[in-house]
Amino acid sequence: MTAKHNSATEPEDARTEDEPIPHLGDSLTRLEPELNNPTRLGIVSSLKNRDRAEFKLLRDSLGVSDSVLSRHITALEKAGMIEVKKGYVGKRPRTWVSISKDGNSRLEAHIQALRELAGA
């Protein structure tokens, strides 16, 4: 039985239910496991278009606690996606975070895979 196209209820580019979805498996394998957590994705996305960000700025922007942010930063640093520098401003300790070259390319690949999965 062939599905009929009803222009009143279906968009022009709607696919039939048994039509294969191209590259779905390829897109799924290219998703970056380290970025499947929303907080980690938020961290690297926040760093993408800046040289570095201070810990406090990331914490406040993401709306997470110090301990949550610290755990995610440690995991992303171990994965080679970000770089962490510690220092002082006056006598106060500061932590700055930046995205690594590898982290930037992995973020781009992850975003592209998500776009493919979403059909964009």
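Judged as a side-chain hydrogen bond (donor to acceptor under 3.5 Å, both in side chains), and not counting sequence neighbours, D60 has no contacts. Judged as a side-chain hydrogen bond (donor to acceptor under 3.5 Å, both in side chains), and not counting sequence neighbours, the contacts of E54 are R94. In terms of the side chain to side chain contact (heavy atoms under 4.5 Å, CB included) criterion, residue partners of A53 (sequence neighbours excluded) are, by chain and number, L47, R50, L57, L58. Remark: K48 pairs with E108 by the salt bridge (Lys or Arg N to Asp or Glu O under 4.0 Å) rule, at least two apart or across chains. The side-chain hydrogen bond (donor to acceptor under 3.5 Å, both in side chains) test applied to S67 returns S65, not counting sequence neighbours. For D66, the side-chain hydrogen bond (donor to acceptor under 3.5 Å, both in side chains) test picks out R59, with sequence neighbours left out.
Counting heavy atoms from C-beta outward, S45 and L107 have side chains that approach closer than 4.5 Å. At least one side-chain heavy atom of H110 sits less than 4.5 Å from a side-chain heavy atom of L31. For the pair I43 and H72, the minimum side-chain heavy-atom distance is below 4.5 Å.
In the hydrophobic clustering of this structure, W96 does not group with V44; members are Ile, Leu, Val, Met, Phe, Trp, Tyr whose side-chain heavy atoms approach within less than 4.5 Å, directly or through other members. The hydrophobic clustering, which links ILVMFWY residues whose side-chain heavy atoms are closer than 4.5 Å, places V68 and I73 together.
Applying the salt bridge (charged side-chain N to carboxylate O under 4.0 Å, His left out) rule to pairs touching residues 96-105 yields D102-R106, sequence neighbours excluded.
Separating the CG atom in L35 from the CD1 atom in I111 is a distance of 8.5 Å, to the nearest 0.5 Å. Going from atom CG of L114 over to atom CG of L28 covers 9.5 Å, rounded to the nearest 0.5 Å.
Contact record, A75 with E34: O-OE1, 4.2 Å, taken as the closest heavy-atom pair.
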List the atom pairs, donor and acceptor, that lie under 3.5 Å between side-chain atoms in residues 76-85 and the rest of the protein, sequence neighbours left out.
none

